[in-house]
Amino acid sequence: MTKVVHHEQIADKIYELTFEGEMVTDMVEPGQFLHIRVGDQYMPLLRRPISICDVDLDRKQCTILYRAEGEGTLLLSQKRKGVRLDVLGPLGNGFPLDTIAEGETAILIGGGIGVPPLYYLSKKLVERNVRVVHVLGFASKKDAFYVDAFEQLGTTAVTTIDGTLGYQGFVTDYMKQEAPAYDVLYSCGPTPMLKAIEEQLNPDRAYFSLEERMGCGIGACFACVCSVKDDPTGHRYRKICSDGPVFPQGVIQL
Amino acid sequence: MTKVVHHEQIADKIYELTFEGEMVTDMVEPGQFLHIRVGDQYMPLLRRPISICDVDLDRKQCTILYRAEGEGTLLLSQKRKGVRLDVLGPLGNGFPLDTIAEGETAILIGGGIGVPPLYYLSKKLVERNVRVVHVLGFASKKDAFYVDAFEQLGTTAVTTIDGTLGYQGFVTDYMKQEAPAYDVLYSCGPTPMLKAIEEQLNPDRAYFSLEERMGCGIGACFACVCSVKDDPTGHRYRKICSDGPVFPQGVIQL
Amino acid sequence: MSRFDIQLPGLNMKNPIMPASGCFGFGREFSKLYDLSGLGAIAIKATTDEPRFGNPTPRVAETPGGMLNAIGLQNPGLEKVVAEELPFLADYDVPILANIAGTTTEDYVAVARTVSKAPNVTALELNISCPNVKEGGISFGTDPNVAAELTRAVKEVSDVPVYVKLSPNVTDITEIAQAIEAAGADGLAMINTLLGMRIDLKSEKPVIANRTGGLSGPAIKPVAIRMIYEVSQRVSIPIIGMGGITSADDVLEYFLAGASAVAVGTANFVNPFVCPEIITELEEKLTEKRIDHISDLIGRSWKSCYSPSS
Amino acid sequence: MSRFDIQLPGLNMKNPIMPASGCFGFGREFSKLYDLSGLGAIAIKATTDEPRFGNPTPRVAETPGGMLNAIGLQNPGLEKVVAEELPFLADYDVPILANIAGTTTEDYVAVARTVSKAPNVTALELNISCPNVKEGGISFGTDPNVAAELTRAVKEVSDVPVYVKLSPNVTDITEIAQAIEAAGADGLAMINTLLGMRIDLKSEKPVIANRTGGLSGPAIKPVAIRMIYEVSQRVSIPIIGMGGITSADDVLEYFLAGASAVAVGTANFVNPFVCPEIITELEEKLTEKRIDHISDLIGRSWKSCYSPSS
Ligand SMILES: Cc1cc2nc3c(=O)[nH]c(=O)nc-3n(C[C@H](O)[C@H](O)[C@H](O)COP(=O)(O)OP(=O)(O)OC[C@H]3O[C@@H](n4cnc5c(N)ncnc54)[C@H](O)[C@@H]3O)c2cc1C
Ligand SMILES: Cc1cc2nc3c(=O)[nH]c(=O)nc-3n(C[C@H](O)[C@H](O)[C@H](O)COP(=O)(O)OP(=O)(O)OC[C@H]3O[C@@H](n4cnc5c(N)ncnc54)[C@H](O)[C@@H]3O)c2cc1C
Ligand SMILES: Cc1cc2nc3c(=O)[nH]c(=O)nc-3n(C[C@H](O)[C@H](O)[C@H](O)COP(=O)(O)O)c2cc1C
Ligand SMILES: Cc1cc2nc3c(=O)[nH]c(=O)nc-3n(C[C@H](O)[C@H](O)[C@H](O)COP(=O)(O)O)c2cc1C
Ligand code: FES
Ligand code: FES
């Protein structure tokens, strides 16, 4: 049983929710996600996949950030402190931590509601003495969140499409212009952004966290498949929920 | 907008809920009912018809009593103090007060969850200097409620099927055995009980409050019709929601 | 300039919203709650030749996200509808879509002939989900030929345009829709209810006395949207869409699927003010989304070229 | 003495609960959550002759009280299913109902012949909702003759009893059920999903890349109950009931309607522990209600004489 211990709006439509429970002790891998039941009835029916944004293992608390826009997330935003939250997880495979060496530089590129899982990742990397650089892309100033929190962990650049905060443009525009040096790239955000990063930056070592509409969230229903890159047979696939959501660069046809 | 100001369990599965709002000022007729939306989503879809049990016009508060057994009433029982309650009403036609004269005796016979509307009726009759006698039938002691409250207003007999409280048997058994004198009979309860009262006691002046599954609750959908007594055409009817729920004896085929 | 006035055969609507037949009676109850002249149109309760008592009760049952009903076409009969109900509605500035039903073609023809002459009835809606007694009780709406023949017979006697209301309980709804269009219908209304049942665990019997009932409400919306998407691509007469509409967003979804107007049924029971609320909300949404006119949306989900990977 | 062990052709079940095909993969994921041997049976994902990638994504969409899916029969193909998936399941003491699909009769026959020989496959489930390419894409499940012929062809080559899974998207399901029974089917499974669609208001396109999808979940329960109520009165082979089951009460409702066992589909996505939870809850309910054996309930809603006014 998990219980909501904190719930607050932190940007336009963006909420920060912290819950507490035994299950949090399993949440040691950044990039994994939770499958959250938002209603008590069967309307909405399906769970909502939301990334782990931060974990306090001692207090058995996990924080998620989400955008309340659709039916389910709007309902979630009404949960008050103290109520039960039905959480399944942690699910999937997150960002591997041991593929980057101490002293190397990681660049973490997040877009919009893809930013949250990068926070826990950044904390874990810093713990391992990896140098972290963040590039966070938002639509506008009102949509930005956690910029200060990321700054505590490493250099943080913000880009907004309308230029109301930080650099004006897309994260890829910033990357080309400023060309920060890095060893490994980690990214989470809308698929077009991931595709642009792959094509335009063509990083050697990179990990992408993908999104897709889900049924089960555990690998049983085949709702969330994506195609394997350069597959001549045409029927090789990965399930985002159980094989991912994080994949090394080059595995998935973005 | 109405707000829950009190909510408490008062017997086995029976809850007492008081809400406050402007609309309460219209609730001057005992026997009318409210149509209550119990969920925020469309599951459960339909409103629940619940009788007005008591009204405090000065404080704009209305009390209802209900049995939480099905999906909708169980959901209703989870509403906490302070939350909004979506109430439509008062609906239908209640018990007429001007058909009994000052000094006459009214007998109010309630069965189970048909008891609540009789409470407001009894108060109104007492206000008009009518003598009231109550006969309240329950399945068992654990199901009984509001016995003390009724006793404050007039003589109150309780019957239980298993004899754990008051007289053992049905309300009709009690009526035949004890044969209290009365001028007008008012009754609310399961249809078989009303039918037995009509057939076995054959009162001169009587009013029955009926129940049926409802759609709209306002007379538009024809879900809640009942047949008119001794109708040769076979298609005369009354709508319980808008013509009733209270009908004078002899009008409806019970 | 209105963003959502809609002109359909016989229906000159200020906005595309009407209450659905059977969910609004003859308007009397709702007229106490709001001004009926604000509605786009009103589809009145099915009228039959003779008065009908309908089915025994219980007539409704709740289901997940929906409800079942088996009212059984209870209505005061043609004579009373024309003498009492329609004149009451004549006080409002709103077109009336008269829903008519029967068990033989002659029944339908008789009702259509008379009702279509009522001054404020501007269109008919043929409810063809009723069992056809001559054809052994199968519904008029399940056989394309039977449906077409009925349409033709009614068109012949009707003074006003005729909409045919399709039953969703069929293998291929496009076949029936096309047959009805070819028979001269001026428009389609879809969908009527899905056949369903709920069994009470205590009595161990169907909750509804008639055993089966018609499923309506949000639960059926995806079925209605699919059918309108398919049918609107194959007919050129307009479609009044319905099934589970509860919000302005639902109305937009119906237009994108291919509807030219919509009817709101079950939602009136949940919130009796739902029709005027949707009208207000819809106007706001259209403004907000900068849609010049709602008719621009009709069928847009299939009109623009479709690329599955985008 | 168990109150709910069920013996059906090929399915020797400890209890009447099985996960529905397509909602449980080949059991691997759920085997990490609980012991699969506790289930009554397992209906595995549809298997086709060749591996299939299925449809483009998005493949699922949410609807009121339900969901749409258009997975497109993605599966590793007959060879891998027999070599890898079925042996994995052989570690559990549970009968396997192998769901098979195809686009020609030959496809079905090929899969049936091989799969029915796998040691732990104790029955087949023919998914006849697939489009029949030879008959111009109409579904095998919508024409009684086509469905009967397919049943006969598969029966001929199968080493184990054959259940046919009916599509609800038909005008008269009893006709198809009877034709399939006459063709030698050992049982029926019903219902498969209802055809539906949802349109996204932003993209103005169907949410599901395949456009239409199959509607499942609580929303469809009343349709399934109605169909099982009708079919169970007209056939004498057993019915595996499904559609929106989420609780032991739902299971009781299906038995009263006429089912002899049930499958739980979509609910596994909402609560992955739903099957074992229903099994526990069902046993408690049967004890509480003093029902000696759940099979006493089969079809009780129509078996006892019906009086509408009571
Ligand atoms: C692995 C993963 C991690 C995610 N992490 C986060 C996060 O940390 N914070 C956050 O705000 N969002 C996150 N998302 C996106 C989030 O799941 C959707 O925004 C959310 O499900 C939308 O639900 P809704 O009720 O607002 O919308 P509705 O429109 O009501 O959703 C309808 C259905 O579509 C699905 N859906 C809609 N949009 C998406 C989407 N973008 N991705 C997947 N399913 C979708 C819903 O889950 C639901 O089943 C993540 C998605 C995935 C796959
Ligand atoms: C005029 C009137 C006044 C009533 N007053 C009271 C009251 O003061 N207190 C009280 O506890 N109950 C009262 N009832 C009965 C109450 O409406 C039902 O107990 C309640 O609707 C059951 O809902 P549920 O969610 O528990 O059951 P569910 O089984 O979830 O109900 C399913 C559907 O059936 C309907 N339904 C089920 N039982 C009944 C019933 N007995 N009568 C009408 N509809 C029913 C529900 O409204 C709903 O639409 C009254 C009924 C009527 C018609
Ligand atoms: C209680 C009730 C009565 C209905 N009566 C009729 C009717 O008389 N004639 C008709 O064509 N449709 C009738 N319908 C069907 C509705 O008009 C509508 O087609 C259907 O309910 C789907 O819309 P909804 O989901 O918005 O309710 C009735 C529906 C309900 C719920
Ligand atoms: C994601 C998904 C995949 C499905 N795949 C199959 C399948 O491969 N074969 C099949 O016969 N039915 C398939 N079905 C249908 C289910 O087995 C079941 O008949 C239907 O979903 C109704 O049950 P439910 O409401 O409990 O889900 C699938 C259903 C879902 C939701
Ligand atoms: S969501 Fe079911 S397999 Fe991924
Ligand atoms: S409940 Fe609709 S007419 Fe009475």
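By convention in this document, chain letters (A, B, ...) are assigned in the order of the sequence lines, proteins followed by strands, and residues within each chain are numbered from 1.
Heavy-atom distances place no part of Pro76(C) under 4.5 Å from chain B, backbone and side chain included. Looking at Pro218(C), the atoms closer than 4.5 Å to chain B (heavy atoms on both sides) all sit in the side chain, from C-beta outward. Within the 4.5 angstrom heavy-atom criterion, only side-chain atoms of Lys45(C), from C-beta onward, approach chain B. Looking at Thr246(C), the atoms closer than 4.5 Å to chain B (heavy atoms on both sides) sit in the backbone and in the side chain alike. Using a 4.5 Å cut-off between heavy atoms, Arg213(B) touches chain C through backbone and side chain atoms alike. For Arg52(C), the part lying near chain B is the backbone, with the side chain staying farther off; criterion is any non-hydrogen pair under 4.5 Å.
Heavy-atom contacts from other residues, nucleotides or ligands closer than 6.0 Å to NZ of Lys229(B) number more than 12. No more than 12 heavy atoms of other residues, nucleotides or ligands sit less than 6.0 Å from atom NZ of Lys141(B). Heavy atoms of other residues, nucleotides or ligands lying less than 6.0 angstrom from CZ of Phe170(B) number 12 at most. Sparse packing is recorded around CD of Glu79(C), with 12 or fewer heavy atoms of other residues, nucleotides or ligands lying under 6.0 Å away.
Only one option out of Asp231(B), Val225(B), Thr233(B) pairs with Phe53(C) in a side chain to side chain contact (heavy atoms under 4.5 Å, CB included); it is Val225(B).
With contacts defined as side-chain heavy-atom distances shorter than 4.5 Å, the pair Ile218(B)/Phe30(C) qualifies. Using a 4.5 Å heavy-atom threshold, the side chains of Leu45(B) and Phe269(C) count as separate.
Taken to the nearest 0.5 Å, the NE2 atom of His235(B) stands 10.0 Å off from the CG atom of Asn75(C). Here Asn55(C) contributes atom CG and Phe222(B) contributes atom CZ; the two are 13.5 Å apart, rounded to the nearest 0.5 Å. To the nearest 0.5 Å, the span separating CE on Met67(C) from SG on Cys221(B) amounts to 6.5 Å.
Among the candidates Cys23(C), Gly66(C), Gly54(C), the residue making the largest number of heavy-atom pairs closer than 4.5 Å to chain B is Gly66(C). The greatest number of non-hydrogen atom pairs below 4.5 Å with chain B, out of Val270(C), Asn268(C), Thr266(C), is found for Val270(C).
Closest approach of Ala223(B) to Arg59(C), counting heavy atoms only: O-CD, 3.6 Å.
Using modelled atom types, one side-chain atom of Glu62(C) and one backbone atom of Leu46(B) make a donor-acceptor pair closer than 3.5 Å.
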